[in-house]
Amino acid sequence: HDAYHDRLTGLANRFRLERDIQAAVEAEDDGGLALLILDLDRFKFVNDSMGHNVGDELLAAIAGRLRGALAATARVYRLGGDEFVVTIPGRPSRGKIEDVCRTICGLFDGPFELAGTRVASGCSIGVTFMEADDRSMSELLKRADLALYEAKDTPGNSFRFFDAELAAEAQARAE
């Protein structure tokens with residue numbers, strides 16, 4: 001259990017995510033999935049101003065909200081730090097993923113009651129879909145990260161899908 005789960009939140013961890021993605025890559029039914037990477041807004045401020053214990057409480061509270069809202073349709077992982085990953089199997093439509101993203105963003109509408117203090121947080125979400133030629137978790141995470149950085153440029157809770165334009169912009173910046 002400890003090898004595949006995050007000790008703080010109880011969610012599946014990065015090692016489990018890698019194993020689950022590899023299983024999806026190798027699946028003969030080509031089921032596919034959507035991968036959402038979430039990064040918390042203002043988390044460093046919470047840790048720095050209120051202490052790491054409150055930051056840990058916030059991570060656990062967010063994990064609880066994610067698990068409660070998505071248990072029936074998705075798998076939730078803690079990637080590390082203040083990043084979470086959600087996978088949705090079965091080649092979900094873009095519309096379904098937009099609904100999931102709105103649901104996740106809505107989880108941050110209300111403050112979190114932590115250590116006797118109300119803490120507001122938000123999130124940014126980067127989204128990608130598994131492609132036929134994907135062979136590893138790192139390929140999916142790279143695309144989702146590009147979308148995440150674009151989402152972070154939008155104030156408030158937001159999400160962005162990876163697309164060819166993002167890939168071209170990233171390539172141009174790298175060159």
Side-chain angles (χ1 to χ4, degrees), residues 1-27 31-44 46-47 55-56 58-108 112 121-131 133-154 157-163 166-167 170:
H1 184 269
D2 288 348
Y4 294 109
H5 292 85
D6 177 60
R7 295 178 93 191
L8 178 65
T9 63
L11 295 175
N13 62 16
R14 183 184 190 102
F15 186 59
R16 180 60 187 257
L17 173 64
E18 187 170 10
R19 194 175 114 174
D20 290 351
I21 296 239
Q22 196 58 44
V25 164
E26 295 170 0
L33 57 80
L35 183 139
L36 292 65
I37 187 166
L38 289 70
D39 185 75
L40 305 184
D41 299 335
R42 299 177 296 280
F43 182 72
K44 182 175 177 8
V46 170
N47 261 350
D56 287 350
L58 178 59
L59 293 171
I62 289 167
R65 286 186 186 183
L66 288 168
R67 192 176 17 247
L70 303 174
T73 59
R75 181 106 195 230
V76 182
Y77 305 81
R78 179 169 176 225
L79 196 57
D82 66 336
E83 289 187 328
F84 295 85
V85 168
V86 174
T87 59
I88 301 155
R91 296 216 177 279
S93 69
R94 184 177 173 108
K96 178 178 180 177
I97 299 306
E98 287 173 353
D99 289 345
V100 170
C101 288
R102 284 188 202 93
T103 296
I104 292 169
C105 289
L107 298 176
F108 293 86
F112 295 84
S121 186
C123 74
S124 300
I125 307 169
V127 181
T128 193
F129 292 93
M130 181 177 275
E131 297 175 1
D133 59 346
D134 284 332
R135 295 290 163 241
S136 71
M137 176 179 77
S138 65
E139 294 166 358
L140 286 162
L141 287 177
K142 181 179 175 182
R143 292 195 310 267
D145 267 337
L146 284 172
L148 174 64
Y149 292 127
E150 289 295 315
K152 287 185 98 40
D153 285 343
T154 305
N157 296 331
S158 62
F159 57 93
R160 174 80 190 261
F161 285 82
F162 175 83
D163 58 30
L166 275 180

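This chain uses plain numbering: 1 for the first residue, then up along the sequence.
Ring pair His5/His1 is parallel by interplanar angle, where below 30° counts as parallel and above 60° as perpendicular.
Legend: residues meeting salt bridge (Lys or Arg N to Asp or Glu O under 4.0 Å) with Glu131, ordered by chain and number and at least two apart, are Arg143. Taking the side chain to side chain contact (heavy atoms under 4.5 Å, CB included) definition, one finds that Ala60 meets it with nothing, sequence neighbours left out. Here Asp6 pairs with Arg78 under the salt bridge (Lys or Arg N to Asp or Glu O under 4.0 Å) rule; sequence neighbours left out. Applying the salt bridge (Lys or Arg N to Asp or Glu O under 4.0 Å) rule to Arg94 yields the partners Glu98; only residues at least two apart in sequence or on another chain are considered.
Checked by atom type and distance alone, the side chain of Asn13 pairs as donor or acceptor with a backbone atom of Ala3 at under 3.5 Å. Although no hydrogens or angles enter the test, the distance criterion places a donor-acceptor pair under 3.5 Å between the side chain of Glu139 and the main chain of Arg135.
In this structure the side chain of Asp20 never reaches within 4.5 angstrom of the side chain of Thr87, judged on heavy atoms. Residues Leu35 and Met130 are not in side-chain contact: their nearest non-hydrogen atoms beyond the backbone lie 4.5 Å or more apart.
Inspection of the Gln22 and Glu18 side chains reveals no N or O donor paired with an N or O acceptor under 3.5 Å. Side chains of Tyr4 and Arg19: a donor on one and an acceptor on the other come within 3.5 Å.
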inquiry  = side chain to side chain contact (heavy atoms under 4.5 Å, CB included), that's the test. Do Phe162 and Phe129 meet it? Break it down for me.
reply    = CA-CA 8 Å; Phe162 175 83; Phe129 292 93; over 6 Å; no

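Counting only residues at least two apart or in different chains, salt bridge (Lys or Arg N to Asp or Glu O under 4.0 Å) contacts with residues 61-71 are absent. Pairs engaging residues 32-42 under the salt bridge (Lys or Arg N to Asp or Glu O under 4.0 Å) rule: Asp39-Lys152, Asp41-Lys152 [sequence neighbours left out].
Atom CZ of Arg14 is surrounded by 12 or fewer heavy atoms from other residues, nucleotides or ligands within 6.0 Å.
Residue Leu36 is tested with Leu148, Ile88, Thr128 for a side chain to side chain contact (heavy atoms under 4.5 Å, CB included); the sole match is Ile88.
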